[in-house]
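To keep things clear, I will list the structure first and then write my remarks on it.
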Amino acid sequence: MTAAPHHPQIVETSASTPAENSPHAALARTQSHWASESETEAFARQVAARPELRNAFITLHGDLGAGKTSFVRHLLRALGVTGRIKSPTYAVVEPHEANSLNIWHFDFYRFNDPREWEDAGFRDIFASDGLKLAEWPEKAGSLIPTADIAIYIEALDDQKRRVTLEARTVSGRNLLQGLNI
């Protein structure tokens, strides 16, 4: 099934590299490397400490196994989420709460049509306060809001990752500027 003609094209053209000509142009962009799982965890702790994160929307891009879910797990732990943190691949969304913060972790990998985002009723979640994290956002097409931060993760080997961070909103730029990358 394909998207109806009245829906705009999917905005992300590649799962592993930033879309240079995207209508969601970056206000700021930086690149880094995570040489190990502990560096991924350290970066997640930095992000968790930023006050701009409370109502942020962060998209995660990369191939299967790039480290998107691993980063989210580290981030949720750093925010105070306890217990098992499941991948939302089958459920599409996993809600969490920590320290009075509502958090939604989405995985749109199984979407076959961007309209599934709308049909699932996610517009209400995105209109509410809280942190939203989305893996495979390109599968939801242009229906999802502009991400504050888009994180592109590329596996260079079993441990090392090249990470590109794009701030796409003023709030995202403020969040990005506060990180020690």
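Throughout, residue positions are numbered sequentially from 1 according to the sequence presented.
- Heavy-atom minimum distance, Glu37 versus Ser70: OE2-CB, 3.9 Å.
- Atom CG of residue Leu165 and atom OG1 of residue Thr30 lie 6.5 Å apart, to the nearest 0.5 angstrom.
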- request: Start with the C-alpha distance between Glu39 and His33, add both sets of side-chain angles, then the distance that settles side chain to side chain donor-acceptor pair (under 3.5 Å), and finish with yes or no.
  value: CA-CA 9 Å; Glu39 286 189 15; His33 288 88; over 6 Å; no
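- Cluster note: Leu27 groups with Val170 through ILVMFWY side-chain heavy atoms spaced under 4.5 Å, whether in direct contact or through intervening members.
- Minimum heavy-atom separation, Ala150 to His61: CB-NE2, 3.9 Å.
- Here the closest heavy-atom approach between residue Ala66 and residue Ile153 is recorded as O-CG2, 3.2 Å.
- The shortest heavy-atom contact between Ala48 and Ala78 is CB-CB, 3.6 Å.
- Using a 4.5 Å cut-off on side-chain heavy atoms (C-beta onward), Glu166 and Tyr152 make contact.
- Considering all non-hydrogen atoms of both residues, Pro137 and Ala134 come closest at CD-O, 3.7 Å.
- To the nearest 0.5 Å, atom CD1 of residue Ile149 and atom OG1 of residue Thr59 are 9.0 Å apart.
- When side chains are defined from C-beta on, Leu175 does not count as touching Asp148, because their heavy atoms never get closer than 4.5 Å.
- A 4.5 Å side-chain heavy-atom check between Leu76 and His74 finds every atom pair outside the cut-off.
- Residues Phe43 and Val163 are not in side-chain contact: their nearest non-hydrogen atoms beyond the backbone lie 4.5 Å or more apart.
- Rounding to the nearest 0.5 angstrom, the gap separating the CZ atom in Phe106 from the NZ atom in Lys132 is 8.0 Å.
- Side-chain atoms of Thr164 and Gln31 form a donor-acceptor pair, as typed in the model, at a separation below 3.5 Å.
- When atom types are taken as modelled, the side chain of Arg73 and the backbone of Arg77 share no donor-acceptor pair closer than 3.5 angstrom.
- In this structure, a donor-acceptor pair under 3.5 Å is absent between the side chains of Ser171 and Thr169.
- Using a 4.5 Å heavy-atom threshold, the side chains of Lys68 and Trp136 count as touching.
- No donor-acceptor distance shorter than 3.5 angstrom exists from the side chain of Arg54 to the backbone of Arg50, with no hydrogens or angles considered.
- Between the CZ atom of Phe108 and the CD atom of Glu138 there is a distance of 10.5 Å, given to the nearest 0.5 Å.
- Between the CG atom in Leu133 and the CD1 atom in Ile58 there is a gap of 5.5 Å [rounded to 0.5 Å].
- Val47 has its side chain within reach of Leu53: a pair of non-hydrogen atoms, C-beta onward, lies under 4.5 Å apart.
- Listed for the Lys86 side chain is no donor-acceptor partner under 3.5 Å among the backbone atoms of Arg84.
- Atom CD1 in Ile125 sits 11.5 Å away from atom CZ in Phe57 (nearest 0.5 Å).
- No hydrogens or angles considered: a donor-acceptor pair under 3.5 Å links the side chains of Glu135 and His105.
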Name the atoms and distances for all side-chain donor-acceptor pairs under 3.5 Å in residues 93-104, with sequence neighbours left out.
unit_1 : atom_1 : unit_2 : atom_2 : d
Asn99  : ND2    : Leu79  : O      : 2.9

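- Judged by the 6.0 Å and 45° rule, Lys139 forms a cation-pi pair with Tyr109.
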